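In what follows, a single structure is set out as structure tokens and then discussed.
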Amino acid sequence: MSVRPETGEPAAAGPPPAAVAAGPRRRRLHPLTFVVGAVRELVALLAAGAAGLLVGGVSTAFYFTLAGLGFGLAFHVAGWVTFTYVLHGDRIELRRVLVGRSVKSIPRDRIRGVDVSASLPQRLLGLAVVHIDAGAEGGEGTLNAVSRQEADRLRRVLLARPAADGRPPRRLLARVSPRWYLYAPLSGAYLLTPFALAGSVLGTLYNLGDDLGLITRQRVESVGHGVAGAAPALAVALLVLLLLAMPVMSVIVFALFNWDFTVHERDGSILVERGVLTRRAVSLERRRLRGVELSDNLLERRAGVVRLGALITGLGDAAHRGRLLPAAPRRAAEDLAARVLGAVPGPLVAHPRAARGRRVARAVAPLAAVAAIAVLAGQPWVAYACAALAVPAVPLGLDRYRQLGHASDGTRLTVRSGSLRRRQVVVDHGAVIGWRVRRTLFQRRLGLATLFVATGAGDGGYSATDMSESDAVAFAAAITPEWLAPFIERPAPEPPAKRGAEPRP
Amino acid sequence: MRRSHHKDGGGPHPPRLRPPEHRVSPRAIAHWAIEYLLLWGLAFGLALGVAAWLGDEGWSGMPGWLSGRVGWLPWAVGTAGVLMVTAAPVWRYRVHRWEVSADVVYTRTGWFSREWLLVPVSRIQTVDTEQGWIERLLGLATIKVNTASHTGSSEVSGLPADVATRLAEQLARRAHDLRDDAT
């Protein structure tokens, strides 16, 4: 094994000095790491132990608790002692040597992102967890946990390309204004968070109580009787309170998750930081950025609010880690999109009129089918219900048609679709890795085609639904002429040629 | 929004994709027919069983309007199966075509719903050939061209086994020569 000096590390970085032998230094995680782990267990066990002490005095359960505590502490210390990591010039090695020996080696040029996050106790102790993501070929590794400075240094060193030296400048690309937190109730997910929160709190309480033996059949039953006996007015009041709390809670939860959401640029990566209890920092490598996605729902659209996401190749959990802006005014999102990728191409080209009928038919058809079966089966009420539902389905179909569009500005292409949840994707021309044209029997009759843009990032493919057939081919041919040219059929000009040579974009 | 720049077929020659050059092997018809026969045979058997069981038991939870008509089920499944076994394989054979140009793999697949797929050789990550037991009986093979995107990954079934092997080797070699990052 060739041992190379630790290149790429800026001289300015100041790790705690230690005896450095020749070659890269073997490092350990921060000593306080096992304190965090042990303290967490200590709290849980202390609670259990105290309860045990209260209930049964110094019993076997209490000794078990003590033994568990000792074992947990030993486990954490052992975990800390046996784990080391070494930063080589070309790779980072994570090794755990106990009885067996496991060495994970992540090539540095495969590293796609380095996330730094810290939970509340870790932040108090100045620690941070470093998560290294190297895509499908490189695997991933976690350093849980190192000091904050070391985390920053690792992120800088691991993401630095060889050319960079010195501390590269950090440029602010976007910052979420606190006023935008008020957009939280517009997105359905945050509205439901109070329920999820209440559910998880109740569940935790129940489990804890169950573990401690506080929950018995009698108590559950007496609580049940108490609830059943309470005035219905109380239940209604609680429900109203919960409904009123929903928007407020959603804003609070949104603010907790997206507190001081900032997007920075630093040597070839985009750095997204957010959160208050757990501060998350995600580094997205710019050379892996293939496009961006603007999405909104009906309410957000009315308020002119969109969410911005990045399409990055080989990014796991892209829905969360690829987020560039939470709910933000459209102008701000487009502005950031222009800074990270380039201007969003526009205006969009509308799809042919034939597509409109198809969108409406697709919205109404399932209801019509159910209604038809219901009538055959002699269940008129089901049919009436379907008819009632079909009334809003028509404007939905019309809106789906209105939202369809595609455009290209010579370097980037964009496609848009959807109504209740609308998505507009902007993809770099160079990121297109294939084309798929789909035409069902109905589309063939109407002269329509759905064009899929294949990319190696995001969902892997994005569709422009129901373009006219010739538009679909022309669109693809304009973007990658050399791929399509051999397969394009140009029949002899048919009778009345109204225009001259077709403009080649 | 701006209207379509190609005036919806109003131009002198709207661009169209021509069909790929090569058909798959005619034995592919037999392959698809056997596959559909097995699948729909199984469905028919199940339908027959369900109808017989429901008819005998006179299951009380069944709504009245259904009980009289349960005997139709195997007939409906059987008719659909016969149609699928006889019509679909021939239809698919007429649609399935493939071609490999200098730098693009071009395929047309499907029957009711057709798909034209263009995969540039430089973006290919792996090329697999596969043979199921029916395919091995008939001397056929399926070739799978995989890229970083599922949407951009192509599959041609019903190729003669030797053609598939040769093509896979050739594509893998050329993809290796042309490959950049492939994403």
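Everything numeric here is computed off the predicted structure, so don't read it as measured data. A, B, ... follow the sequence lines: proteins, then strands. Residue 1 opens every chain.
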> Taking atom CZ of A/F487 and atom CD of B/E21, what is their separation to the nearest 0.5 Å?
Replying inline: 9.5 Å
> What heavy-atom pair brings B/L117 and A/W435 nearest, and what distance separates the two atoms?
Replying inline: CD1-O, 3.1 Å
> Atom CZ in B/R123, atom OG1 in A/T455: separation rounded to 0.5 Å?
Replying inline: 11.5 Å
> Hey, does the side chain of A/R436 reach the backbone of B/S153 with a donor-acceptor pair shorter than 3.5 angstrom?
Replying inline: yes
>> Counting heavy-atom pairs closer than 4.5 Å to chain B, which one of A/A449, A/A472, A/G461 comes out on top?
In response: A/G461
>> So, taking the atom named CZ in A/R439 and the one named CZ in B/R114, what distance separates them when rounded to the nearest 0.5 Å?
In response: 8.5 Å
> Is chain B contacted by the side chain of A/Q443, its backbone, both, or neither, given a heavy-atom distance below 4.5 Å?
Replying inline: neither
>> By the definition side chain to side chain contact (heavy atoms under 4.5 Å, CB included), identify the one residue from A/I433, A/V432, A/V453 that meets it with B/S149.
In response: A/I433
>> Is there a side chain to side chain contact (heavy atoms under 4.5 Å, CB included) between A/V437 and B/L118? Walk through the geometry before answering.
In response: CA-CA 9 Å; A/V437 179; B/L118 292 126; 5.6 Å; no
> Between B/R18 (side chain) and A/P486 (backbone), is there a donor-acceptor pair under 3.5 Å?
Replying inline: yes
>> I need the contact set between residues 91-113 of chain B and chain A: heavy-atom distance under 4.5 Å, sorted by residue number.
In response: B/W91, B/E99, B/S101, B/D103, B/V104, B/Y106, B/W111, B/F112, B/S113
> By number, which residues in residues 22-32 of chain B have some heavy atom less than 4.5 Å away from chain A?
Replying inline: none
> Which bit of A/Y462 is near chain B, if near means a heavy-atom gap under 4.5 Å: side chain, backbone, both or neither?
Replying inline: neither
